[in-house]
Each structure stands twice: as C-alpha cells, then as structure tokens.
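Taking it in order: structure first as structure tokens, then the write-up.
In this chain, numbering begins with 1 at the start of the sequence shown.
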Amino acid sequence: MAETLRKGTRVTGTERSELANELKKRYDDGESIRSLAASTGRSYGFVHRLLTEAGVTLRGRGGATRRS
C-alpha cells in the first residue's frame, strides 16, 4: 500500500487508516520514522503525525546517554 502512494497526494479515509496501521506495525518492529518516510515518499512530519494519530508511543532519540 505505502509503495503505491504518489508524492503529494492527499491521503484520507480508509486509505489513511490502512497506511497508519501499516506504518504503526513497521515502527513497532523497529523501523525509524526517517526510513518510513523515505520508503513511502512522504515527509518526516507526515509520518510523525500519522503515527501520533494512530496512538503510537514514539521512541526517544538515539545516541549515547550520559552516566552519572
């Protein structure tokens, strides 16, 4: 489904719900928002908004953490 979307097309209704569910599953399996955006041809902000609408708990940013 995600591969069939054209860049810039409006995604609404059931198509939006299906895309949100697919991206939610992929994000929960460990994919990053940036990789989801790249594979769907959508912006980072669009994917972030869709995941938020789908009720996903977003992961924190990666990188080294400080220890006290």
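- The CG atom of Leu51 lies 9.5 Å from the CZ atom of Arg59; values are rounded to the nearest 0.5 Å.
- Expressed to the nearest 0.5 Å, how far CZ of Arg10 lies from CD of Glu15 amounts to 12.5 Å.
- For the pair Val47 and Arg34, the minimum side-chain heavy-atom distance is 4.5 Å or more.
- Here the side chains of Arg42 and Leu36 are not in contact, with every heavy-atom distance at 4.5 Å or above.
- Here the straight-line distance linking atom CD of Glu53 with atom NZ of Lys24 works out to 13.5 Å at 0.5 Å rounding.
- Judged by distance alone, with hydrogens and angles left aside, the side-chain atoms of Tyr27 form no donor-acceptor pair with the main-chain N or O of Thr57 at under 3.5 Å.
- In this model, a donor atom of one side chain and an acceptor atom of the other lie less than 3.5 Å apart for Ser35 and Ser32.
- For Arg49 and Phe46, the positive end is not near the middle of the six-membered ring at less than 6.0 Å and at most 45° from its axis.
- Listed for the Arg26 side chain is no donor-acceptor partner under 3.5 Å among the backbone atoms of Ile33.
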